[in-house]
Amino acid sequence: MTPETDVTTGIGLISAGLAFALQQVIISLAGYIVILRGDTFTSETASPSAACAATWCGCGS
């Protein structure tokens, strides 16, 4: 093996170990960004209006 191969293998193993160790942090950060940037939780979906709630339960006319 050449020294370049050893360095490349070492960097690959270190980065794989970091990715495994930090996977929950990375997933949490990605979810946080999705919630902030997307329309995942809007005021309409968080608290539907009374008319909309009445149609959901089947008691609206």
Side-chain angles (χ1 to χ4, degrees):
M1 293 184 120
T2 64
E4 294 85 16
T5 306
D6 292 339
V7 170
T8 306
T9 302
I11 291 172
L13 289 173
I14 289 171
S15 61
L18 282 174
F20 181 75
L22 296 175
Q23 65 183 346
Q24 289 298 320
V25 174
I26 294 168
I27 290 170
S28 297
L29 184 61
Y32 177 73
I33 292 170
V34 166
I35 289 172
L36 285 182
R37 297 292 179 205
D39 286 335
T40 306
F41 299 106
T42 60
S43 60
E44 184 177 314
T45 58
S47 58
S49 66
C52 191
T55 58
W56 285 351
C57 70
C59 54
S61 51

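Counting from 1, the numbers follow the sequence of the chain as shown.
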If a pair satisfies side-chain hydrogen bond (donor to acceptor under 3.5 Å, both in side chains) and one of its residues is in residues 4-22, list it, with sequence neighbours excluded.
T2-E4, T2-T5
Under 4.5 Å side-chain linkage, directly or through intermediates, the cluster mates of V7
I11
Linking Ile, Leu, Val, Met, Phe, Trp and Tyr through side-chain heavy atoms less than 4.5 Å apart, which residues share a cluster with I27?
none
With S28, which residues qualify under side chain to side chain contact (heavy atoms under 4.5 Å, CB included), at least two apart?
none
Connected to I33, directly or through other members, by ILVMFWY side-chain contacts below 4.5 Å are L29
